[in-house]
Number of protein chains: 2
Amino acid sequence: MNGKAKRRVTGAKAKEARAASGALAKAELRVRIRFGEEFQLGPGKADLLDAIDRTGSITASAKELGMSYRRAWLLIDEISRLFKRPVVDRAQGGAQGGGARLTDFGRALLAAYRRIEARTALAVREELAPFETDFIDL
Amino acid sequence: MNGKAKRRVTGAKAKEARAASGALAKAELRVRIRFGEEFQLGPGKADLLDAIDRTGSITASAKELGMSYRRAWLLIDEISRLFKRPVVDRAQGGAQGGGARLTDFGRALLAAYRRIEARTALAVREELAPFETDFIDL
């Protein structure tokens, strides 16, 4: 999943075709979970963890998501401080000058967030379906 | 529900007591649904519709939520333009100088959004439960 892609609330193919011009067919979700005043888990951090998992590099992930290295580092730092166990593992040295990868814990956490998104997308689809014809065409 | 209150991700009483110091017990949700570039349905508009339903007044609702009348009016305008049917009904004249109330459609829409929030809260609780002891204490 690329960083700009939000969770698209899509239905079955036939339904999609029928509602293609309606607003509901274009619905995108953002689920943000706040933990106290200081911590958040939302689509930005999830996409960053996703990118690190794919690229093995904070630099490459930041570039892919159109953010500065510093911004990416701060997001990783925030998510890391929320947990007692490491989320991202920074490899030392090597030919590539060190990389980064998700720990098994980080990968499980990301998967849980994606399941939350998917369940919310299903809820949106089901709960707003009765209003489908009430939306304007976008 | 007051405007400052986010959807709290609470569990059963016993579990809550056990996890009271953990971050998961303090989790709050924000579910935002985007329709194309221009429209959003999120906790801000939902809380405003809630307040209008309770107070029967845009002025009182804006005050309760700590926003300007103009801001409240713009939010109502945005949500109204997303649908073919009226969401808020502005009463004309009368002793109170005119009020506002949700239409049946607006009330049904708000209820659907609250159900989406509740289902997401359940998903958060269930999907993050395996990580409960991994969160720091907040």
Side-chain angles (χ1 to χ4, degrees), chain A residues 6-9 21-43 79-87 103 105-106 108-138, chain B residues 6-9 21-43 79-87 103 105-106 108-138:
Chain A
K6 287 98 188 177
R7 178 71 52 176
R8 190 77 178 273
V9 184
S21 63
L24 190 50
K26 296 196 173 76
E28 288 172 349
L29 258 189
R30 302 191 56 92
V31 179
R32 194 169 300 281
I33 312 164
R34 293 181 177 181
F35 303 94
E37 297 295 302
E38 201 181 347
F39 301 98
Q40 297 198 38
L41 181 54
I79 192 77
S80 296
R81 284 187 296 110
L82 180 58
F83 294 98
K84 296 172 191 163
R85 301 167 66 184
V87 173
T103 61
F105 173 71
L109 187 69
L110 175 60
Y113 177 81
R114 293 303 187 202
R115 286 194 298 271
I116 292 166
E117 277 189 324
R119 288 173 65 173
T120 304
L122 178 65
V124 168
R125 214 152 62 219
E126 290 180 351
E127 300 294 348
L128 295 187
F131 306 100
E132 187 169 345
T133 56
D134 298 314
F135 281 95
I136 59 167
D137 291 343
L138 285 184
Chain B
K6 287 98 187 178
R7 177 71 52 175
R8 189 77 177 274
V9 183
S21 63
L24 190 50
K26 297 199 174 75
E28 288 172 349
L29 258 189
R30 305 197 45 98
V31 179
R32 195 171 297 283
I33 311 163
R34 294 181 174 179
F35 303 94
E37 298 294 304
E38 202 181 345
F39 300 98
Q40 297 197 39
L41 182 54
I79 192 77
S80 296
R81 285 187 294 111
L82 180 58
F83 294 98
K84 296 172 191 164
R85 302 168 64 182
V87 173
T103 61
F105 173 70
L109 187 68
L110 175 60
Y113 178 80
R114 294 304 187 200
R115 285 194 299 273
I116 291 166
E117 275 190 324
R119 289 173 64 171
T120 305
L122 178 65
V124 168
R125 215 151 62 219
E126 291 179 351
E127 301 293 350
L128 295 187
F131 306 100
E132 190 170 344
T133 58
D134 299 314
F135 281 94
I136 59 167
D137 291 344
L138 284 183

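Below, chain A is the first sequence line, B the second, and so on; all start at residue 1.
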Okay, B:F39 and chain A: the region with an atom under 4.5 Å from a heavy atom over there is side chain
Among A:K84, A:E37, A:E38, A:R81, the residue with the most heavy-atom pairs under 4.5 Å to chain B is A:K84
Given A:T133, A:L82, A:V31, A:L128, the one with more heavy-atom pairs under 4.5 angstrom with chain B than any other is A:L82
Say whether, by atom type as modelled, one donor and one acceptor occur between the side chain of A:T103 and the main chain of A:P86 under 3.5 angstrom.
yes
Please work out whether the ring planes of A:F105 and B:F131 are parallel, tilted or perpendicular, with thresholds of 30° and 60°. perpendicular
Turns out that what part of A:Q40 lies under 4.5 Å from chain B's heavy atoms comes down to neither
Cut-off 4.5 Å, heavy atoms of chain A, and the answer for B:L109 is both
Sorted by chain and number, sequence neighbours left out, salt bridge (Lys or Arg N to Asp or Glu O under 4.0 Å) with B:R32 holds for none
Max heavy-atom pairs within cutoff under 4.5 Å with chain A, candidates B:A112, B:A111, B:G42, goes to B:A112
Check the pair B:R119 / A:L122 against side-chain contact (heavy atoms from CB on, under 4.5 Å), numbers first and verdict last.
-> CA-CA 10 Å; B:R119 289 173 64 171; A:L122 178 65; 4.2 Å; yes
A:R85 meets the salt bridge (Lys or Arg N to Asp or Glu O under 4.0 Å) criterion, sequence neighbours left out, with B:D134
